[in-house]
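First the structure, in the form of structure tokens, and then the observations on it.
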Amino acid sequence: MESKKRKVEDLESSSSNNNEPPTKKVQQQQPVITYREPSILNIRPLDDITKYIADLIATHCQQENVEIEAKLGRFIDKATKERLNMGAITETIIPSDQMRFYRFESNMPLEQHRHFNKMLNDMVTRTQAREYKGERIKYKHTIETDRFYEMPRSKGKWRVTTDQATGQIIPNGIIEKKRIVDLNIHAPNQPLDYRISINIEIPRTKPTTKPVYERNKDRISYQHGGIAFDLTQVKGGTNDPEIRHELELEFADAKILAAEKRKHDKKEPSQYTHMIEIFVNNIRILSRNALKL
């Protein structure tokens, strides 16, 4: 009986030991991350504002001599003289019928201008490194004078731009600029808002009358991804001592955008939407990297 009892106890002891948790930790297998399609339809949809911008530009980009640009700045409430506060909590388009209450101020403080200048110059230096694999940023520095002329039977003024160093008119330097449309976008979470403008720059011949006013532009132009970034200090003429500091972006060659839009319309492979995304991304990234003054 004792031997049987001992065997039962041995079995119970063995069973009990088997139920104890192991002292050695078992490494858990990590889940495998696989490629995920952007949506159930395998399409990455544009956000509403980028799509609105793409649709607006699409209606005008195939015009001759079109200019598509964006300026960074702030919308100012005319009543309070402070930055617009319309209760928006995210980036939003300002309805055109409300713009009578606001004005767009593209003139930024010198400190802000210097911040962008350093940031863009640092990017030029980084992209020129031999080991850099991406697209290199090109830049040039120009100092020019714009002279404006009032012409008979013309609503707008004609602009003649000359190189201050040579006194010569720059290529395509005589134009009449006609505004087509503005799109005003408020970015309440960022230091700067922005305005996208579509214009027509009509080539003109040199006026024979005297200019009504002039301005001097000290500009550094950067180019990357088909976009030109112009950082400009603008000085008025003799009767206008104000110094302005501006940052604007522009499609470096609007004809390329127009060609891609034609492909898009024909259902052919096209970079039109991607080019608009790059344009908007650059506006947003500069706005978000502005100094919070």
Side-chain angles (χ1 to χ4, degrees), residues 46-73 93-97 99 104 106 142 144 146-161 169-185 193-207 215 217 219 221-230 232 246-284 286:
L46 293 176
D47 66 81
D48 283 353
I49 289 181
T50 302
K51 185 178 185 306
Y52 191 95
I53 292 170
D55 292 343
L56 177 68
I57 292 176
T59 62
H60 301 286
C61 69
Q62 297 185 58
Q63 295 189 60
E64 194 71 21
N65 302 310
V66 68
E67 176 196 53
I68 303 165
E69 64 178 3
K71 285 189 175 183
L72 291 169
I93 296 172
I94 304 174
S96 57
D97 62 351
M99 276 305 299
F104 183 65
S106 61
T142 58
E144 300 169 341
D146 291 336
R147 294 183 175 89
F148 295 86
Y149 298 78
E150 290 182 342
M151 305 299 293
R153 298 180 298 278
S154 177
K155 294 182 180 180
K157 294 179 175 63
W158 293 16
R159 185 184 75 200
V160 178
T161 303
I169 298 173
I170 68 171
N172 304 314
I174 307 176
I175 64 163
E176 178 184 3
K177 189 170 182 173
K178 291 188 175 181
R179 181 65 54 86
I180 302 300
V181 65
D182 288 332
L183 184 64
N184 301 297
I185 300 176
D193 306 309
Y194 58 99
R195 165 180 281 176
I196 294 175
S197 299
I198 302 176
N199 312 295
I200 300 296
E201 296 186 331
I202 306 170
R204 297 298 188 188
T205 57
K206 186 177 180 180
R215 67 185 181 191
K217 301 182 300 187
R219 170 175 289 173
S221 296
Y222 307 84
Q223 188 168 321
H224 179 269
I227 307 297
F229 305 75
D230 292 336
T232 311
E246 300 177 344
L247 175 58
E248 61 185 18
L249 296 77
E250 179 182 346
F251 281 98
D253 190 342
K255 291 181 180 179
I256 297 176
L257 184 68
E260 291 302 312
K261 178 59 174 61
R262 286 192 291 272
K263 294 179 185 177
H264 182 271
D265 292 342
K266 295 176 183 177
K267 309 299 183 184
E268 298 174 353
S270 168
Q271 291 294 312
Y272 175 76
T273 301
H274 185 54
M275 292 175 72
I276 297 296
E277 281 187 290
I278 291 173
F279 183 57
V280 177
N281 287 345
N282 277 303
I283 298 169
R284 287 170 169 165
L286 289 175

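Heads up: numbering here begins at 1 and tracks the sequence.
The shortest distance between side-chain heavy atoms of Ile185 and Ile53 falls below 4.5 Å. No side-chain heavy atom of Asn65 sits less than 4.5 Å from a side-chain heavy atom of Ile202. Met151 is listed as a side-chain neighbour of Pro207, based on a closest heavy-atom distance under 4.5 Å. Contact of the Ile278 side chain with the Phe251 side chain is not registered, since no non-hydrogen atoms from C-beta on lie closer than 4.5 Å. With a 4.5 Å cut-off on side-chain heavy atoms, Asp193 and Ile94 do not count as touching. Using a 4.5 Å cut-off on side-chain heavy atoms (C-beta onward), Ile196 and Phe279 make contact.
Remark: Glu248 does not engage Lys217 in a salt bridge, criterion side-chain N to carboxylate O under 4.0 Å. Ion pair Asp47/Arg284 flagged as a salt bridge, since at least one NZ, NE, NH1 or NH2 atom sits closer than 4.0 Å to an Asp/Glu carboxylate oxygen.
Interatomic distance, Phe229 CZ to Ile283 CD1, rounded to the nearest 0.5 Å: 9.5 Å. Residue Leu183 holds its CG atom at 6.0 Å from OH of Tyr52, rounded to the nearest 0.5 Å. Going from atom CD1 of Ile170 over to atom OG1 of Thr161 covers 4.5 Å, rounded to the nearest 0.5 Å. For the atom pair NE2 of His274 and NE2 of His264, the computed distance is 14.0 Å after rounding to the nearest 0.5 Å. Between atom CG of residue Leu46 and atom NZ of residue Lys51 there is a gap of 8.0 Å, rounded to the nearest 0.5 Å. Between Lys206 atom NZ and Tyr149 atom OH the span is 6.5 Å, to the nearest 0.5 Å.
With Glu69 as reference, Lys177 is the one residue of Arg179, Lys177, Arg195 to meet the salt bridge (charged side-chain N to carboxylate O under 4.0 Å, His left out) rule. Among Lys263, Arg262, Lys261, Lys267, the single residue meeting the salt bridge (charged side-chain N to carboxylate O under 4.0 Å, His left out) criterion with Asp265 is Lys261. Just one residue in the list Pro269, Ser270, Cys61 forms a side-chain contact (heavy atoms from CB on, under 4.5 Å) with Glu260, and that residue is Ser270. Checked against Asn199 for a side-chain hydrogen bond (donor to acceptor under 3.5 Å, both in side chains), the options Lys178, Gln63, Glu67 give a single hit: Glu67.
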Would Val280 and Ile49 satisfy side chain to side chain contact (heavy atoms under 4.5 Å, CB included), going step by step from the backbone distance to the final call? CA-CA 9 Å; Val280 177; Ile49 289 181; 5.6 Å; no
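Counting all heavy atoms, side chain and backbone alike, Trp158 lies closest to Thr205 at CZ3-O, 3.5 Å. Among all heavy-atom pairs drawn from Phe104 and Lys71, the shortest one is CZ-O, 3.4 Å. In plain terms, the two heavy atoms of Leu257 and Ile276 that are nearest each other are CD1-CD1, 4.2 Å.
The environment of CG in Asn172 is sparse: at most 12 heavy-atom neighbours from other residues, nucleotides or ligands sit within 6.0 Å. Heavy atoms from other residues, nucleotides or ligands lying under 6.0 Å from NE2 of His60 number more than 12. Atom CG of Asp55 has more than 12 neighbouring heavy atoms from other residues, nucleotides or ligands inside a 6.0 Å radius.
In this structure a side-chain-to-backbone donor-acceptor pair under 3.5 Å is present from Tyr272 to Ala58.
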